[in-house]
Amino acid sequence: MAKALSEILAEDVRAALTAVLGDAARDADPLIRPSDHADFQANGVLPLAKAVKGNPRELAIRVAAALVPAAAQPGSADAGSPAVSTSGVIAAVEVAGPGFLNLTLADAALAGQVAERLGDARLGVSPSTIGQTTVIDYSQPNIAKEMHVGHLRSTVIGDALVRLLEFDGRTVVRQNHLGDWGTQFGMLIQYLVEHPEARPAQAEHSGEVAISWLTALYRDARAEFEADGGFADRARKRVVTLQGGDEESLAAWEEMVAESKRYFEDVYGRLDVRLVDADAVGESFYNPYLADIAADLEQRGIAVRSDGALCVFFDGVKGPDGEPVPLIVQKSDGGFGYAATDLAAIRHRVGTLKADQILYVVDSRQALHFRMVFETARRAGYLPDGVEAVHVQFGSVLGTDGKPFKTRAGQTVRLIELLDGAVDHAVATVAEKNPDLDAEQARAEARVVGIGAVKYADLSTSRTKDYIFDLDRMVSLTGNTSVYLQYAHARIHSILRKLPVGTEPRVHADLALEPAERRLALQLDELGATLATVVAEFEPHRLTTYLYSLAQTFSDFYENCPVVKAPSAEVRENRAALVRLTGDTLKLGLELLGISAPDQL
RNA sequence: GCCCUCGUAGCUCAGGGGAUAGAGCACCCGCCUCCUAAGCGGGGGGUCGUUGGUUCGAAUCCAACCGGGGGCACCA
């Protein structure tokens with residue numbers, strides 16, 4: 001696999017530092033950074049000069065001399081500098097400011113990187129975590145309920161992380177922790193039993209029909225629950241019979257679960273995310289283990305009875321009254337809450353799924369809950385030292401008024417409606433840009449563009465912050481949106497299609513590069529480093545930033561460096577190689593975010 | 001009250017020790033006989049919430065304060 005230029009430079013500069021300073025520099029970080037003043041700059045001389053109490057500028061001059069043979073450094077020929085064996089990628093070094101090293105790379109080195117990545121299916125990026133298993137819990141919709149913007153964030157971010165982690169070599173186990181249990185099911189089942197006509201007339205129906213009747217069921221059942229005390233009593237009894245395994249109750253419950261899954265599948269299909277039925281593990285799955293968890297924790301003294309509830313307490317977790325606030329494993333009425341379920345899920349994920357890492361892509365409002373659950377699981381040994389558990393939290397979705405995102409009428413926004421809105425919006429733009437497309441083709445293209453825009457908007461802002469959901473902005477399709485990247489990718493394929501017959505993307509390392517070509521090659525080289533950060537921090541927005549910047553650099557190249565009409569066959573092939581690699585990089589990057597990149601737009 | 005989180009251009013956001021703080025939107029001015037103008041170039045616009053501290057160097061790290069949002073016993 002290709003080593004990135006920044007890594008090669010780090011090794012070279014470290015070698016030069018060590019040659020000049022000896023062991024004092026052996027573990028020093030050369031602090032290689034992209035630079036406005038050269039291809040890269042090394043900032044590592046300054047702290048090192050401080051450490052050895054030397055003059056930073058003088059030290060920088062000696063390191064520069066060691067990096068590049070005196071011949072290339074007319075100003076600082078220094079016979080006393082020790083020779084250093086380096087990779088040879090550096091063409092020139094300049095000492096600037098208080099002791100920065102401005103590093104300019106040889107054109108041939110840039111070309112060499114392009115050549116190496118171009119021929120590789122992974123574009124020269126090596127997987128770093130082969131053999132490790134990540135369990136990732138995301139999406140988490142509730143049975144018999146609409147999905148809304150909160151689910152959108154979890155689903156989109158989770159799906160991107162799945163793709164990114166898999167690309168990094170991990171085995172990824174998706175877990176869609178469905179809300180399929182709770183007292184509200186007593187009410188729903190009872191209503192359904194009493195009103196069989198609430199079901200849709202046709203057996204075969206869409207996900208949209210499924211959620212629409214379930215939503216009506218929920219609404220009507222709640223209304224009757226509040227209006228009719230007799231029904232409320234029967235609903236409460238129904239909870240008990242359901243938990244007792246009553247067949248009629250279970251059948252109704254299973255029917256609702258199946259209907260909901262039909263709807264989820266519809267939504268996931270529209271969103272083009274990889275969640276499937278087999279990934280769904282509802283809360284109810286853990287029911288058989290809850291009593292055992294409670295008994296185990298109580299018996300080992302990790303949890304104690306307090307006001308009848310089985311509780312785990314923590315240092316520094318207090319309520320407004322100054323009293324400690326516990327994690328409640330078992331309620332005083334004997335029932336189990338979601339803390340018990342989450343603990344059982346950890347056991348399952350560690351014990352059965354063999355997780356090395358467990359991720360929870362959940363709203364930041366759950367931060368305290370997860371802190372307590374993880375801490376409890378650590379104490380109980382359910383979460384051993386070798387297993388990492390991370391609450392991959394994200395901020396709330398707000399409307400343009402800065403308040404929680406709602407419709408004008410104050411309702412939560414239905415996910416399907418929101419996605420349809422984005423696609424409808426895109427249809428208009430697509431039709432305007434491509435008048436010759438028929439309605440069906442325009443619709444298909446608008447789906448790719450519109451859904452991509454929604455996902456990109458969500459993924460491109462830093463995860464932990466709240467974010468303002470502005471459909472108009474995200475589907476405006478200008479500027480920093482997914483369509484900019486898709487457009488760059490489509491232009492690339494247009495170029496590749498128009499190459500004269502017989503022209504292949506081929507690197508000619510002996511050609512001098514123009515500034516726009518250099519910038520493009522340099523940026524292409526940073527894909528691996530970008531992905532490494534994204535995976536380490538679970539921050540997909542760093543990838544969107546990289547891709548957007550890459551597409552901007554490509555636009556600059558596009559304006560300044562004709563490919564099809566290049567001045568010579570060699571230049572044409574060389575540029576075609578850059579274009580091809582840029583296209584592949586955009587395509588891969590978007591794919592890892594869950595966004596499609598068609599060859600034509 | 002305690003804990004978490006966020007304050008960067010008119011708006012939405014990047015940047016999380018390194019040189020003159022960036023992008024998009026909006027606004028103004030230019031660019032299609034030329035590989036897709038869903039694009040490109042230029043312009044105006046900032047006490048990086050405040051005050052201290054650490055450092056050769058702070059938007060970035062630390063502390064305090066101010067302001068927004070969130071969470072804090074049997075709902076998930």
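In what follows, chains are A, B, ... by sequence order, proteins preceding strands, each numbered from 1.
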query = Of A/Glu445, A/Gln441, A/Gln600, which meets side-chain hydrogen bond (donor to acceptor under 3.5 Å, both in side chains) against A/Asn434?
reply = A/Glu445
Nucleotide [N], atom [atom2] - distance to [atom1] of [X] in whole Å:
X        : N     : atom1 : atom2 : answer
A/Phe285 : B/A76 : CZ    : P     : 19 Å
A/Gln393 : B/G69 : CD    : P     : 18 Å
A/Asp363 : B/C4  : CG    : P     : 18 Å
A/Met474 : B/U12 : CE    : P     : 14 Å
A/Leu327 : B/A76 : CG    : P     : 12 Å
A/Ile468 : B/G7  : CD1   : P     : 13 Å
A/Asp29  : B/G17 : CG    : P     : 12 Å

query = Side chain of A/Glu445, base of B/A38: donor and acceptor closer than 3.5 Å?
reply =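 Answer yes: a donor N or O sits under 3.5 Å from an acceptor.
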task = Look at the side chain of A/Glu283 against the base of B/A76 and say whether a donor-acceptor pair falls under 3.5 Å; ignore hydrogens and angles.
result =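 Check fails, no donor-acceptor contact within cut-off.
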Pairs under 3.5 angstrom only: tabulate donor-acceptor contacts from the side chains of residues 327-336 of chain A to other protein residues two or more places apart or in another chain.
{"unit_1": "A/Gln330", "atom_1": "OE1", "unit_2": "A/Arg305", "atom_2": "NH2", "d": "2.9"}
{"unit_1": "A/Gln330", "atom_1": "NE2", "unit_2": "A/Gly334", "atom_2": "O", "d": "3.0"}
{"unit_1": "A/Asp333", "atom_1": "OD1", "unit_2": "A/Gly335", "atom_2": "N", "d": "2.8"}

Using the [atom1] atom in both, what is the distance from [N] to [M], to the nearest Å?
N     : M     : atom1 : result
B/G7  : B/G49 : P     : 8 Å
B/U8  : B/C35 : C1'   : 39 Å
B/C3  : B/A9  : C1'   : 33 Å
B/C48 : B/A58 : P     : 13 Å
B/G15 : B/G22 : C1'   : 7 Å
B/U50 : B/A14 : C1'   : 24 Å
B/U54 : B/G42 : C1'   : 42 Å
B/G46 : B/G52 : P     : 23 Å

task = If the plane angle is over 60° it's perpendicular, under 30° parallel, otherwise tilted; pick one for A/Trp253 and A/Trp181.
result = perpendicular
From the list [options], which nucleotide is the closest neighbour of the side chain of [X]?
X        : options             : result
A/Tyr558 : B/A37, B/G39, B/A38 : B/A37
A/Val563 : B/A38, B/A19, B/C35 : B/C35
A/Glu559 : B/G18, B/A38, B/C40 : B/C40

query = Excluding sequence neighbours, so at least two apart, what forms salt bridge (charged side-chain N to carboxylate O under 4.0 Å, His left out) with A/Glu58?
reply = none
task = Please identify each residue that fulfils salt bridge (charged side-chain N to carboxylate O under 4.0 Å, His left out) with A/Glu226, with sequence neighbours left out.
result =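 A/Glu226 satisfies salt bridge (charged side-chain N to carboxylate O under 4.0 Å, His left out) with A/Arg222 only.
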message = Under a 3.5 Å cutoff, is there a donor and acceptor pairing between the side chains of A/Asn142 and A/His151?
response = no
inquiry  = Looking only at the side chains, is there a donor atom on one of A/Ser154 and A/Gln140 sitting less than 3.5 Å from an acceptor on the other?
reply    =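 The answer is yes; a qualifying pair exists.
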key: Along RNA chain B (nearest heavy atom to each residue), the more 5'-positioned of A/Trp181 and A/Val430   = A/Val430
ask   = Of A/Asn102 and A/Ser396, whose nearest nucleotide on RNA chain B comes first from the 5' end?
value = A/Asn102
Basic-acidic side-chain contact under 4.0 Å: A/Asp29, A/Arg14 =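 No, this pair does not count.
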Where the chi angle of B/G67 falls, syn if within 90° of 0 and anti if not = anti
task = Would you classify B/C40 as syn or anti? Syn applies when the glycosidic angle is within 90° of 0.
result = anti
query = Going by heavy atoms closer than 4.0 Å, what residues in residues 456-465 of chain A are next to RNA chain B?
reply =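 Going residue by residue through residues 456-465 of chain A, the ones with a heavy atom under 4.0 Å of RNA chain B turn out to be A/Thr461, A/Ser462, A/Lys465.
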key: Contact list for RNA chain B against residues 541-554 of chain A - heavy-atom distance below 4.0 Å   = A/His541, A/Arg542, A/Thr545, A/Tyr548, A/Gln552
With A/Tyr360, the ring-ring contact (aromatic ring centres under 6.0 Å, His included) member among A/Tyr138, A/Phe374, A/Phe538 =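 It is A/Phe374, the one option of A/Tyr138, A/Phe374, A/Phe538 that forms the ring-ring contact (aromatic ring centres under 6.0 Å, His included) with A/Tyr360.
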remark   = The reported gap from OG in A/Ser460 to CG in A/Leu547 (rounded to nearest 0.5 angstrom) is 11.0 Å
Under 3.5 Å between N/O atoms: give me all the protein pairs with nucleotides 56-62 of chain B, atom names plus distance.
{"unit_1": "B/C56", "atom_1": "OP1", "unit_2": "A/Lys50", "atom_2": "NZ", "d": "2.1"}

With a 4.0 Å limit, can you tell me whether [X] has a side-chain N or O closer than that to the phosphate oxygens OP1/OP2 of [N]?
X        : N     : result
A/Ser555 : B/C40 : yes
A/Tyr484 : B/C25 : no
A/Tyr338 : B/A76 : no

A/Ile143 versus A/Ser260, closest heavy-atom pair with distance = CG2-OG, 3.5 Å
request  = Work out which heavy atom in A/Arg238 is nearest to a heavy atom in A/Gln190; give both atom names and the distance.
outcome  =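 Looking at all heavy atoms of both residues, the shortest contact is NE-OE1, 2.8 Å.
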Please enumerate all residues that pass side-chain hydrogen bond (donor to acceptor under 3.5 Å, both in side chains) together with [X], with sequence neighbours excluded.
X        : value
A/Arg518 : A/Asp39, A/Asp107
A/Arg575 : A/Glu514, A/Glu517
A/Thr481 : none
A/Thr553 : A/Gln523

inquiry  = What verdict does the side-chain hydrogen bond (donor to acceptor under 3.5 Å, both in side chains) test give for A/Glu539 and A/Thr533, after you've listed the backbone C-alpha separation in whole Å, the side-chain angles of each residue and the deciding distance to 0.1 Å?
reply    = CA-CA 8 Å; A/Glu539 291 184 329; A/Thr533 325; over 6 Å; no
ask   = Does NZ or CZ of A/Arg491 come closer than 6.0 Å to the centre of the six-membered ring of A/Tyr558, within 45° of the ring's axis?
value =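 Satisfied, under 6.0 Å and within 45°.
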I'd like a list of close polar pairs between nucleotides 71-74 of chain B and the protein, N/O only, cut-off under 3.5 Å.
{"unit_1": "B/C72", "atom_1": "O2", "unit_2": "A/Lys318", "atom_2": "O", "d": "3.4"}
{"unit_1": "B/A73", "atom_1": "N6", "unit_2": "A/Ser306", "atom_2": "OG", "d": "2.5"}
{"unit_1": "B/C74", "atom_1": "O2", "unit_2": "A/Ser332", "atom_2": "N", "d": "2.9"}
{"unit_1": "B/C74", "atom_1": "N3", "unit_2": "A/Ser332", "atom_2": "OG", "d": "3.4"}
{"unit_1": "B/C74", "atom_1": "N4", "unit_2": "A/Asp307", "atom_2": "O", "d": "3.4"}

key: Secondary-structure string, 5' to 3', Watson-Crick or G-U under 3.5 Å, | for another-strand partners, for RNA chain B   = (((((((..((((....[...)))).(((((.......))))).....(((((..]....))))))))))))....
